[in-house]
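Sequence positions, counted from 1, serve as the residue numbers for this chain.
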Amino acid sequence: MMASPALDSPWPTSTGDSFCGSFNIHMEEQNPADILPVLEDPTSSVSYNHTIPKPPPVPGNTHAGNKSIKRLSESCYVPKETIDTWDKLFKEGCGADVYIITEGKSYIPAHLSVLTLASPVLGNFLRQSKVQNGMRYVKIPGVPYEAVYTFIRFLYSSCYEKEEMKKYVLHLLVLSHSYSVPSLKRVCIYLLEQGWLTKENVVDVLQLARNCDAPRLSLICVRMVVKDFKAISSTEGWKVMKQVNPALEQELLEFVVEADSIKLSVPGERREVEEKGREKSVLATV
């Protein structure tokens with residue numbers, strides 16, 4: 001069981017306020033007496049043994065079962081009022097039994113049952129934390145308060161403010177990967193692919209995409225670097241990457257050289273076929 005998920009990225013970044021410093025995403029158990037003074041590291045951890053139940057019998061008619069599942073998915077609809085109710089539950093924190101401590105000693109009230117259902121990884125850690133005065137106290141260090149707030153809110157209602165999402169999309173990509181929230185991860189990847197990639201952040205996004213197992217996003221970043229290599233290679237992000245990850249720089253240079261050689265030597269339709277083959281090779285690499 002993963003009690004403290006972590007995703008360490010040894011490279012610094014260059015995108016300013018929206019994404020700064022290396023990531024070290026993990027959870028820390030907190031004592032309520034330590035919230036106002038200095039927050040301390042956890043002193044103990046608890047592991048649980050789970051009895052794995054036997055699987056249910058195989059259905060007699062698989063075809064009929066698939067039809068039933070299809071009908072259920074087609075008829076599923078969540079009204080706005082329901083979404084608003086979950087969003088209100090998060091914002092008001094009624095009946096909260098968890099405090100999520102963030103940077104700057106700020107905290108976010110939440111509910112163990114909701115967090116456990118939305119993120120089994122996060123829920124597993126919370127269940128192992130000590131209960132003190134009816135509350136569980138955990139910390140997510142290294143991430144701005146606004147990013148953690150957006151993350152926890154999404155676990156409740158799948159809602160987010162566009163401005164906050166755009167500002168903290170890279171933090172949220174890491175959080176969604178670290179704590180296994182596929183729906184949020186898909187949103188982050190989609191928004192980056194649909195226009196939030198820039199010359200300034202594409203190198204950072206490429207490295208995160210590889211660490212967060214997002215191969216299509218990685219391929220899009222590589223294609224962008226190859227297409228506009230001259231401008232991107234002069235950005236601060238490229239300079240930082242060159243220092244801390246020279247192997248990636250060499251790999252990207254090889255893609256650029258290969259792309260240039262194809263343009264010079266292969267005309268017409270054959271060039272298009274060659275480029276598609278190269279893209280498949282890049283995808284396999286990332």
- request: Hey, could you give me the CG/CG distance between L208 and L192, rounded to the nearest 0.5 Å?
  value: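 If I round to the nearest 0.5 Å, the distance is 9.0 Å.
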
Minimum heavy-atom distance between G237 and V203, given as atom pair plus value: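 What the structure gives for the nearest pair is O-CG1, 3.8 Å.
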
query: If you count the non-hydrogen atoms of other residues, nucleotides and ligands that lie under 6.0 Å from CH2 in W86, is the total more than 12?
result: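 No.
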
query: Should T102 and V143 count as side-chain neighbours, where that means a heavy-atom distance under 4.5 Å?
result: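 Not in contact.
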
field: Test side chain to side chain contact (heavy atoms under 4.5 Å, CB included) applied to A209 - qualifying residues, sequence neighbours left out
entry: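 Partners of A209 under the side chain to side chain contact (heavy atoms under 4.5 Å, CB included) test: A214, L217, S218.
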
- prompt: What residues, two or more places apart in sequence or in another chain, satisfy side chain to side chain contact (heavy atoms under 4.5 Å, CB included) together with P79?
  reply: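 Checked P79 against side chain to side chain contact (heavy atoms under 4.5 Å, CB included); matches are Y77, E81, T82.
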
query: When rounded to the nearest 0.5 angstrom, what is the spacing between NZ in K239 and OG in S233?
result: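 Reported to 0.5 Å precision, the distance equals 9.5 Å.
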
- prompt: With K199, which residues qualify under salt bridge (Lys or Arg N to Asp or Glu O under 4.0 Å), at least two apart?
  reply: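 K199 satisfies salt bridge (Lys or Arg N to Asp or Glu O under 4.0 Å) with D228 once adjacent residues are dropped.
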
ring-ring contact (aromatic ring centres under 6.0 Å, His included) contacts in which one or both residues fall within residues 206-230, not counting sequence neighbours: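 Non-adjacent pairs meeting ring-ring contact (aromatic ring centres under 6.0 Å, His included): F229-W238.
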
message: Would you say that T235 contacts V202 through its side chain, given a criterion of any heavy-atom pair below 4.5 Å between the two side chains?
response: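 They are not in side-chain contact.
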
message: Could you measure the distance from the CZ atom of R223 to the CG atom of L197? Nearest 0.5 Å is fine.
response: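 So the gap between those two atoms works out to 12.0 Å.
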
- request: Report the residues that fulfil side-chain hydrogen bond (donor to acceptor under 3.5 Å, both in side chains) with K162, sequence neighbours left out, ordered by chain and then residue number.
  value: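 K162 satisfies side-chain hydrogen bond (donor to acceptor under 3.5 Å, both in side chains) with no residue once adjacent residues are dropped.
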
- prompt: Atom OG in S178, atom CD1 in I140: separation rounded to 0.5 Å?
  reply: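 That separation rounds to 9.5 Å.
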
Minimum-distance pair of heavy atoms, taken over all atoms of I152 and A110: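 Nearest heavy atoms, I152 then A110: CG2-CB, 4.4 Å.
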
- prompt: Who passes side chain to side chain contact (heavy atoms under 4.5 Å, CB included) against T198, sequence neighbours left out?
  reply: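 Scan of T198 (side chain to side chain contact (heavy atoms under 4.5 Å, CB included), adjacent residues dropped) gives E200, N201.
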
message: Could you measure the distance from the OH atom of Y160 to the CZ atom of F154? Nearest 0.5 Å is fine.
response: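 One finds 7.5 Å between OH of Y160 and CZ of F154.
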
- prompt: Hey, any chance M224 and V257 share a hydrophobic cluster, counting ILVMFWY side chains that come within less than 4.5 Å of each other, even indirectly?
  reply: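 No, no single cluster joins them.
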
message: Could you go through K139 and E103, starting from their C-alpha distance and side-chain angles, then the distance that decides it, and tell me whether this counts as side chain to side chain contact (heavy atoms under 4.5 Å, CB included)?
response: CA-CA 9 Å; K139 181 181 179 182; E103 292 299 294; 4.0 Å; yes

field: Pairs meeting criterion salt bridge (Lys or Arg N to Asp or Glu O under 4.0 Å) with involvement of residues 110-120, two or more places apart
entry: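 Sorted result for residues 110-120: empty, none.
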
side-chain hydrogen bond (donor to acceptor under 3.5 Å, both in side chains) involving D97 - partner list, sequence neighbours excluded: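 Counting only residues at least two positions away or on another chain, D97 forms no side-chain hydrogen bond (donor to acceptor under 3.5 Å, both in side chains).
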
message: Between F255 and V222, is the side chain to side chain contact (heavy atoms under 4.5 Å, CB included) condition met? List the steps.
response: CA-CA 8 Å; F255 286 140; V222 171; 3.8 Å; yes

With E164 via side chain to side chain contact (heavy atoms under 4.5 Å, CB included) - residues at least two apart: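 Only E146, T150, E161, Y168 meet the side chain to side chain contact (heavy atoms under 4.5 Å, CB included) criterion with E164.
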
Show me the side-chain donor-acceptor pairs of residues 111-121 shorter than 3.5 Å, one per line, residues at least two apart or across chains.
{"residue": "H111", "atom": "ND1", "partner": "Y156", "partner atom": "OH", "Å": "2.6"}
{"residue": "H111", "atom": "NE2", "partner": "C94", "partner atom": "O", "Å": "2.5"}
{"residue": "T116", "atom": "OG1", "partner": "L112", "partner atom": "O", "Å": "2.8"}
{"residue": "S119", "atom": "OG", "partner": "L122", "partner atom": "N", "Å": "3.2"}
{"residue": "S119", "atom": "OG", "partner": "Y179", "partner atom": "O", "Å": "2.6"}

message: Determine whether a donor-acceptor pair (N or O, by modelled atom type, separation under 3.5 Å) exists between the side chain of E249 and the backbone of N245.
response: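 Answer holds: no.
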
message: Can you tell me how far apart CG (L252) and CD1 (I232) are? Round to the nearest 0.5 Å.
response: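 One gets 9.5 Å once the value is rounded to the nearest 0.5 Å.
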
Counterpart residues, side-chain hydrogen bond (donor to acceptor under 3.5 Å, both in side chains), relative to D87 (two or more places apart):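 Scan of D87 (side-chain hydrogen bond (donor to acceptor under 3.5 Å, both in side chains), adjacent residues dropped) gives K91, R153, S157.
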
message: My understanding is that only residues two or more places apart in sequence, or in another chain, count here; which of them pass side-chain hydrogen bond (donor to acceptor under 3.5 Å, both in side chains) with E193?
response: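 Testing E193 for side-chain hydrogen bond (donor to acceptor under 3.5 Å, both in side chains), a comparison that skips the adjacent residues, returns R216.
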
query: If every non-hydrogen atom of C221 is compared with every non-hydrogen atom of V205, which pair is closest and at what distance?
result: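 Nearest pair, atom of C221 first, then V205: SG-CG1, 3.7 Å.
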
field: Minimum heavy-atom distance C188-M165, with the two atoms named
entry: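 Minimum heavy-atom separation between C188 and M165: SG-SD, 4.2 Å.
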
message: Is there a side-chain contact between M135 and V98 in this structure, where contact means two heavy atoms from C-beta onward sitting under 4.5 Å apart?
response: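 A side-chain contact under 4.5 Å is absent here.
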
field: Test log, rule side chain to side chain contact (heavy atoms under 4.5 Å, CB included), inputs I108 and Y145
entry: CA-CA 9 Å; I108 301 170; Y145 167 83; 3.6 Å; yes

- prompt: Are any of the side-chain heavy atoms of D84 and K88 separated by less than 4.5 Å?
  reply: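 The answer is no, as the side chains (C-beta and beyond) never meet within the 4.5 Å cut-off.
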
